[in-house]
Number of protein chains: 2
Amino acid sequence: MSRVTIKDIARKLNVSATTVSNALNGKPGVGKSARKKIQDLAREMGYQPNYFAKGLVSRQSYAIGLVITNITDPFYPELALGVQEKAGEWGYSTMLFNTNHKQESQETIIRMLGAKGVDGVILSTVRQDDPAIDLLDEMEMPYVLVNRMILNPRKAGHIDSVTLDNYSGSHQAATHLCRLGHTRIAVIAGDMGASTAIIRTSGAMDAFKEWGVSIPDNWFVDCGYTKDRAFNAVRKILTRSAHRPTAILAQDDNMALGVREAAYAADLRIPEDLALVGFNDISFASLIGIELTTIRQDQHHMGMTCAEILISKLQNPKRRGLCNNVLIQTDLVIRKSCGFYLNGYP
Amino acid sequence: MSRVTIKDIARKLNVSATTVSNALNGKPGVGKSARKKIQDLAREMGYQPNYFAKGLVSRQSYAIGLVITNITDPFYPELALGVQEKAGEWGYSTMLFNTNHKQESQETIIRMLGAKGVDGVILSTVRQDDPAIDLLDEMEMPYVLVNRMILNPRKAGHIDSVTLDNYSGSHQAATHLCRLGHTRIAVIAGDMGASTAIIRTSGAMDAFKEWGVSIPDNWFVDCGYTKDRAFNAVRKILTRSAHRPTAILAQDDNMALGVREAAYAADLRIPEDLALVGFNDISFASLIGIELTTIRQDQHHMGMTCAEILISKLQNPKRRGLCNNVLIQTDLVIRKSCGFYLNGYP
DNA sequence: AGAATCAACTTTAACGTTAAACTAAAAAAG
DNA sequence: CTTTTTTAGTTTAACGTTAAAGTTGATTCT
């Protein structure tokens, strides 16, 4: 690929390789005219630095890894784009890896990232007591958590994270349903090993308590953030329960779509027969005909933020001691699926 | 990161570095017992090869680049996943880059990919007479086109590609609308610099000709595969035309969603007042309430196929002379948006 | 004027891995 | 039992870049 080397330039100008290197990297110790000559010739010859050699000596790859569950989940593309844009600004490239919800593949991926020499990792998929954390620490690999975090206060204190204010978002969503008069509410939860689901659950439960609403055990189902499991869970709830719920709180929009399909399959209308609230505001929640009431967040901003934190640590090793925990605010977006525009608040 | 080197292992076992290298890479010239000892110790010490050193000497990075317009376009995630999975199987990692529809950023990206030393590139974004092609040829970088291709027969003959049978797909879609009795059809085209849009247009136009349907000039609009431009174009068509179209053929589902929003904004119902057919069958085309009639394709398979072709070339330099042009078949998926289930064929 | 400082370089070595050329001893062939 | 071949290694050098230490010759200080 890159044929022209520093040595070729050095030979042509009768200087040493080091001088060329210094000239091109803006380091001192090179005369003004010599520097210009070198820079011009480098451009003319189409010189491209060899990143293998650079990396070998500097131990920096200018690449970061981004670990997500699956890029086909509409939650991730915007996050990935944010990370890539911010990383690109700083000259870093991004390697994307899908765990497909498998714990062991996450470990394999992290090991590979280490071997490939990425400078840092952004992890969006941690679960509580995830061995990935220990692995990263052991490898002394800088990392930032995004979306999900570690709740254990002993660990959390020294781990960077960029997360949503899941508590108040979920509290807001649950309150909204209660205000609309619902008392028979089912909760379609995400992966309860993930902080997002844990916190969203606690926010919702607190809201329910405030409104005197209680949720039967079998109306709370961990569906692991997958649409299929949400579909099946809701189908079960709707067919088996003598008194079916009048509202469903789904902990992400993806699962909300599963709920929706299950409701339609049971000949129920949304929102007339069943109110539905999601979480995330993925791109098609706003499409006419879907119009999902949900909790909005800015994934692009989230991606940019975590990339920025990671890169600032990479650039400035002093900052590695500091710990950033960014909490991003959310908004309730009221659309048609909750029935607000049918009745409003009583 | 990777602290343990081949030399550390060599020192501990009193052998040379080369022997360790040969032992670990399964090369001959190492005794059975010595080989086992080396492998065991390497595992025990947690040896990870340094890819910079490896790459420096072998000029192989075991990384490929995938260039797309934008990962948030729902067309790409499944393709990207297919590429990553197949690449992963062969030990290659994938670097994803978004051009954001900008020609110049594509060139920058390709140059950077070259500098970073990727072994090959998968390009999903070429336009006709794209300078990227010459750049890649000049860099002697192996590449495969996916989704879009170069039509110029002088060039096409030696460029690998994996594309859809866009002609027959689009022909099928257009025929479907004609069969349903539509004669007033508008075409919302993709980027006419891309082979996909060119071929889809020709397939549709041929079908229209067969049915004696003619399309007024201002009912054919290049909307560059963006939802916004499709929305605006259709709004214009619907407000300005005295006799508005009764059907719209959109060259991708994304634009079809824009058409949909524009129709609803003009108080038209789909399919009762306006029939709509898309292309691609992105994930939410099938959602209840959207139910877009469209042309299905298997992006995951497409991704796997192009990754396979690229990697087989990388692995086997003899094969570099051969040229693969894979054409993937499509299916018409009839849902509600075209009105078939309202009237059927007359 | 002589010592100290500085600018503009050069030389050497190192990063970790592997290809190529070499060596020594054992096994096979004649 | 000598010669050839094979096996199991070793040594050297190279990939392209840069950090560290060294070498000039000119400039400044006292």
Side-chain angles (χ1 to χ4, degrees), chain A residues 1-39 41-42 45-63 91 114-119 139 317, chain B residues 1-39 41-42 45-63 91 112 114-119 139-140 317:
Chain A
M1 316 305 136
S2 50
R3 182 123 295 137
V4 186
T5 76
I6 268 188
K7 284 184 186 169
D8 297 327
I9 299 176
R11 213 172 300 127
K12 280 218 181 186
L13 292 176
N14 270 316
V15 294
S16 72
T18 303
T19 300
V20 176
S21 171
N22 287 334
L24 294 176
N25 292 307
K27 299 212 172 156
V30 187
K32 236 185 168 186
S33 69
R35 168 159 296 168
K36 187 162 164 23
K37 254 187 221 162
I38 291 169
Q39 284 169 340
L41 184 60
M45 293 175 72
Y47 168 73
Q48 292 283 69
N50 181 315
Y51 280 80
F52 295 123
K54 256 184 137 90
L56 185 57
V57 64
S58 73
R59 291 151 182 298
Q60 290 228 316
S61 60
Y62 283 91
K116 289 247 172 177
V118 299
D119 295 340
M139 290 162 72
Chain B
M1 314 313 135
S2 51
R3 182 123 297 139
V4 186
T5 76
I6 268 188
K7 284 184 185 169
D8 297 327
I9 299 176
R11 213 172 301 128
K12 281 218 180 186
L13 292 176
N14 270 315
V15 294
S16 72
T18 302
T19 300
V20 175
S21 171
N22 287 335
L24 295 176
N25 291 306
K27 299 211 173 157
V30 188
K32 236 186 168 184
S33 68
R35 166 159 293 163
K36 187 162 165 22
K37 255 187 222 161
I38 291 169
Q39 284 168 342
L41 184 61
M45 295 176 71
Y47 168 75
Q48 293 282 70
N50 180 314
Y51 279 80
F52 296 123
K54 253 182 139 92
L56 185 57
V57 64
S58 73
R59 293 154 178 296
Q60 289 228 317
S61 61
Y62 283 93
M112 187 203 288
K116 289 246 172 180
V118 299
D119 295 340
M139 291 161 71
E140 294 175 48

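Numbers restart at 1 for each chain; the letters A, B, ... are given by sequence-line order, proteins then strands. Only this structure's heavy atoms are used, side chains among them; waters, hydrogens and symmetry mates stay out.
For the helix from dA1(C)-dT30(D) to dG30(C)-dC1(D), the rotation axes defined at the first and last 5 base pairs enclose an angle of 40°, given to the nearest 10°.
The salt bridge (Lys or Arg N to Asp or Glu O under 4.0 Å) contacts involving residues 14-23 of chain A comprise nothing, where partners must be two or more places apart or lie in separate chains. Residue pairs meeting the salt bridge (Lys or Arg N to Asp or Glu O under 4.0 Å) criterion with at least one member in residues 21-33 of chain A, sequence neighbours excluded, do not occur. The salt bridge (Lys or Arg N to Asp or Glu O under 4.0 Å) analysis of residues 9-26 of chain B, with sequence neighbours excluded, yields the pairs Asp8(B)-Arg11(B).
Remark: Ser61(B) pairs with Asp119(B) by the side-chain hydrogen bond (donor to acceptor under 3.5 Å, both in side chains) rule, at least two apart or across chains. When the side-chain hydrogen bond (donor to acceptor under 3.5 Å, both in side chains) test is applied to Ser58(A), no partner is found at least two apart in sequence or on another chain. In this structure, the ring pair (Phe, Tyr, Trp, His ring centres under 6.0 Å) partners of Tyr62(A), at least two apart in sequence or on a different chain, are Tyr92(A). When the salt bridge (charged side-chain N to carboxylate O under 4.0 Å, His left out) test is applied to Lys7(A), no partner is found at least two apart in sequence or on another chain. Partners of Ala53(B) according to the side chain to side chain contact (heavy atoms under 4.5 Å, CB included) rule, which considers only residues two or more places apart in sequence or in another chain, are Leu56(A), Asn50(B). Listed by chain and residue number, Ile9(A), Leu24(A), Tyr47(A) satisfy the side chain to side chain contact (heavy atoms under 4.5 Å, CB included) test with Ala42(A) (two or more places apart in sequence, or in another chain).
Residues from residues 22-31 of chain B with heavy atoms under 4.0 angstrom of DNA chain D, sorted by number: Gly29(B), Val30(B), Gly31(B).
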(Q) For a quick check, with a 4.0 angstrom heavy-atom cut-off, what is the B/S/- contact string for nucleotides 21-27 of chain C, read 5' to 3'? (A) -------

